[in-house]
Structure formats: C-alpha cells, structure tokens
Amino acid sequence: MKQAKNPVMAVETTTRILNLIHERNGARISEIAEQLDTTRATVHNHLSTLEQAELVVKEGNEYQLGLRFFTFGENVKNQQTILNVGAAEVDKLAEETGELGNILVEEHGRGIYLHRAKGENALSLDTGVGSRVYLHQTGLGKAILAHLPEEYVTEIVNQHGLAPSTENTVSNREELLETLEDVRERGYAYDMEERAKGIRCVAAPVITNDDRIQGAVSVAGPASRMEGDRLHDTIPELVTRAANVIGINLSYS
C-alpha cells in the first residue's frame, strides 16, 4: 500500500473525524475532540467546512454523515464490474444452497463485501455490504491472497498483521503461505470458523483470462450444515463454477 510522502495533516484530521462519525453513527464535537485529543475549536472548524461541503449534517448536537456520501457510494458501486456481472450468479448460489452468498474484493490490503445474497436458510452475520475484513481471516480473503503477487501479500501482512479472530485463524506467516499454496492447488479456499465461531465458508477466486484476480465469491453457513460431502464436494463445485462463469463474463465485458 502506497504511503503519502508528505501527508497533509488537515486532511488526516478530517478523515479521522469522518471515520469517527461513521463508526459511532453520529458524534458530538466534545466526543470527537476527546477521541482525537484536540481542541473543540479545531473540530468545529473541520465540521463547519464539511457541513458547507454537504458531507455532514447537524442533527441537534450531533453530526451525521451527509447523503452526499450516498451519491459517492452509488457511483463507486456502479464502477464495480464484478458486482454488475457477478450478482446474479451469487444470487443463484444462495438460492441453490439455501445459504449466504458473497462477493468480496480487495482494496488497500483489506477485503470489502460488495454483495450478499440470502438463501432460504441463510444466517444473519455481522458483516454487511461495505464491511471491511482482514483477508487472512476469511475464505474469501485467502482465495484472493493466493492469487496476488507474493510481494504484495508481504506488504499486506506487514501493514495489517495476522491478528487472530478465533483460535482457528491462520495467524502465522509461514502457515499462511502454506495455506495459500493449498488454495492455489485446490482451486478454492476454506474458512473453518476462522473469523467467527460456528461459521464455515467455501470461497473461490474470480480470475479473468489475463490471469488477474478480480475478487472472490463464497457460500457461508453454520458448521452444522457445512460438513461432510456438502462441505468438501457439493458446495466447492457450485462455488468454483460460479466463480468461473463470473471470470469468463468479466473477461469479455
């Protein structure tokens, strides 16, 4: 991930303010000043400028993100070709398996969910569209990591680390590299309760004809249903088929 040579402190402060408002679903000037260890006047100046730019709105004593971010988000969403091409395939996956179907892409070394489709018996998880996750903790992320250049994988690990989410998370560099080799040989990745206890996932990389990794698709469900032949044969076949179809369609879109 590229680091700014001469970062602008004011922009960094503004970004931290926006992130805090987002994380707290609204925040007061006093809360922001305390969290950022700065003055109320400084926070007020930033918020006034953001309000003028229609990026935040004030509701009572709290500031919320403005609807301009909705406009930005829709624009970014429409630029995601894998979403436009792959959503229907993932919807079909969810319907066929009765579980939760997903599309994930990598940006700045993290995974971002672009699409989720719920089958008849799908779980409701804590990660929705737009959520960011650590790549090494998920099957989707490992499917992507396995097809990124090794030097970029090293950058990601150096920047984000390999923090465990559960006792099953791959949190050792050598073990991760071995796991990624297994993913390449097998053609798909597993999440065996590595991000959340009781949840398993099968994920396959979406690769275009020029051998570029575009993202990954998966099916996730409770460990009680993701086992035996279903875990090791049926769902991997469905997921890899969907990923291949999306990859082909992306290649000619």
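Position 1 is the first residue of the sequence; numbering continues from there. Computed from a prediction, not measured in an experiment: that's the story for all the values here. Basis for what follows: all heavy atoms, side chains included, without hydrogens, waters or symmetry-related copies.
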(message) Using a 6.0 Å cut-off, check whether atom CG of D210 has over 12 heavy atoms from anything other than its own residue.
(response) yes

(request) Flag yes if more than 12 heavy atoms outside R184 fall under 6.0 Å of its CZ atom; otherwise flag no. (result) yes

(request) State whether the side chain of T208 and the backbone N or O of D211 hold a donor-acceptor pair below 3.5 Å, judged by distance alone. (result) no

(message) Treating H160 as the side-chain partner and H108 as the backbone partner, does any N or O pair qualify as donor plus acceptor under 3.5 Å?
(response) yes

(message) Under a 3.5 Å distance rule, please check whether R230 uses its side chain to pair with a backbone N or O of T97 as donor and acceptor.
(response) yes

(request) Evaluate salt bridge (Lys or Arg N to Asp or Glu O under 4.0 Å) for R186 paired with E181, printing each intermediate quantity in order. (result) CA-CA 9 Å; R186 190 169 52 229; E181 180 61 33; over 6 Å; no

(message) Please report the interatomic distance NZ(K118) to CG(D91), rounded to the nearest 0.5 Å.
(response) 13.5 Å

(message) Counting only heavy atoms not in D229 (residues, nucleotides, ligands), do more than 12 fall under 6.0 Å from its CG?
(response) no

(message) So for atom CD, which belongs to E227, do other residues, nucleotides or ligands contribute more than 12 heavy atoms lying within a distance under 6.0 Å?
(response) yes

(request) Answer yes or no: is there a donor N or O on one side and an acceptor on the other, between the side chain of N78 and the main chain of E74, under 3.5 Å? (result) yes

(message) Would you compute the distance between atom OG1 of T42 and atom CD1 of I29 and round it to the nearest 0.5 angstrom?
(response) 11.0 Å

(request) Please check if the distance between the ring centroids of Y190 and H232 is under 6.0 Å. (result) yes

(request) Look at E31 together with R24 and state whether they make a salt bridge at an N to O cut-off of under 4.0 Å. (result) yes

Could you give the side-chain donor-acceptor pairs of residues 163-173 under 3.5 Å, partners two or more places apart or in another chain?
from: S165; atom 1: OG; to: R195; atom 2: O; distance (Å): 2.6
from: T166; atom 1: OG1; to: N168; atom 2: N; distance (Å): 3.1
from: T166; atom 1: OG1; to: E193; atom 2: O; distance (Å): 2.7
from: T166; atom 1: OG1; to: E194; atom 2: O; distance (Å): 3.4
from: N168; atom 1: ND2; to: M192; atom 2: O; distance (Å): 3.4
from: N168; atom 1: ND2; to: E193; atom 2: O; distance (Å): 3.4
from: T169; atom 1: OG1; to: S165; atom 2: N; distance (Å): 3.0
from: T169; atom 1: OG1; to: T166; atom 2: N; distance (Å): 3.0
from: T169; atom 1: OG1; to: T166; atom 2: O; distance (Å): 3.2
from: T169; atom 1: OG1; to: E194; atom 2: O; distance (Å): 2.5
from: N172; atom 1: OD1; to: E174; atom 2: N; distance (Å): 3.0
from: N172; atom 1: OD1; to: E175; atom 2: N; distance (Å): 2.9
from: R173; atom 1: NH1; to: N158; atom 2: OD1; distance (Å): 3.4
from: R173; atom 1: NH2; to: N158; atom 2: OD1; distance (Å): 2.9

(message) Rounded to the nearest 0.5 Å, what separates atom CD in Q52 from atom OG in S48?
(response) 8.5 Å

(request) Could you tell me whether the side chain of L47 reaches within less than 4.5 Å of the side chain of I32, counting heavy atoms only? (result) yes

(message) Rounded to the nearest 0.5 Å, what separates atom OG1 in T13 from atom CZ in R16?
(response) 6.5 Å

(message) Within this structure, what is the OG-CZ distance for the pair S218 and R200, rounded to the nearest 0.5 Å?
(response) 15.0 Å

(message) Measuring only between side-chain heavy atoms, which start at C-beta, is L148 closer than 4.5 Å to L145?
(response) yes

(message) I'd like to check Y63 versus E51 (side-chain heavy atoms, cut-off strictly below 4.5 Å). Are they in contact?
(response) yes

(request) Determine, for E89 against K92, whether the closest basic-nitrogen to carboxylate-oxygen distance falls under 4.0 angstrom. (result) yes

(request) For the residue pair L18 and F69, establish whether any side-chain heavy-atom pair is separated by less than 4.5 Å. (result) yes

(request) Start with the C-alpha gap between L180 and L176, add the side-chain angles, then the distance that decides, and say whether side-chain contact (heavy atoms from CB on, under 4.5 Å) holds. (result) CA-CA 6 Å; L180 298 184; L176 175 64; 4.2 Å; yes

(message) I'd like to know if E62 and R28 make a salt bridge, using a cut-off of under 4.0 Å between side-chain N and carboxylate O.
(response) no

(message) How close do E99 and A220 get, counting heavy atoms only, and between which atoms?
(response) CB-O, 3.3 Å

(request) Could you tell me whether the side chain of T49 and the main chain of N45 form a donor-acceptor pair under 3.5 Å? (result) yes

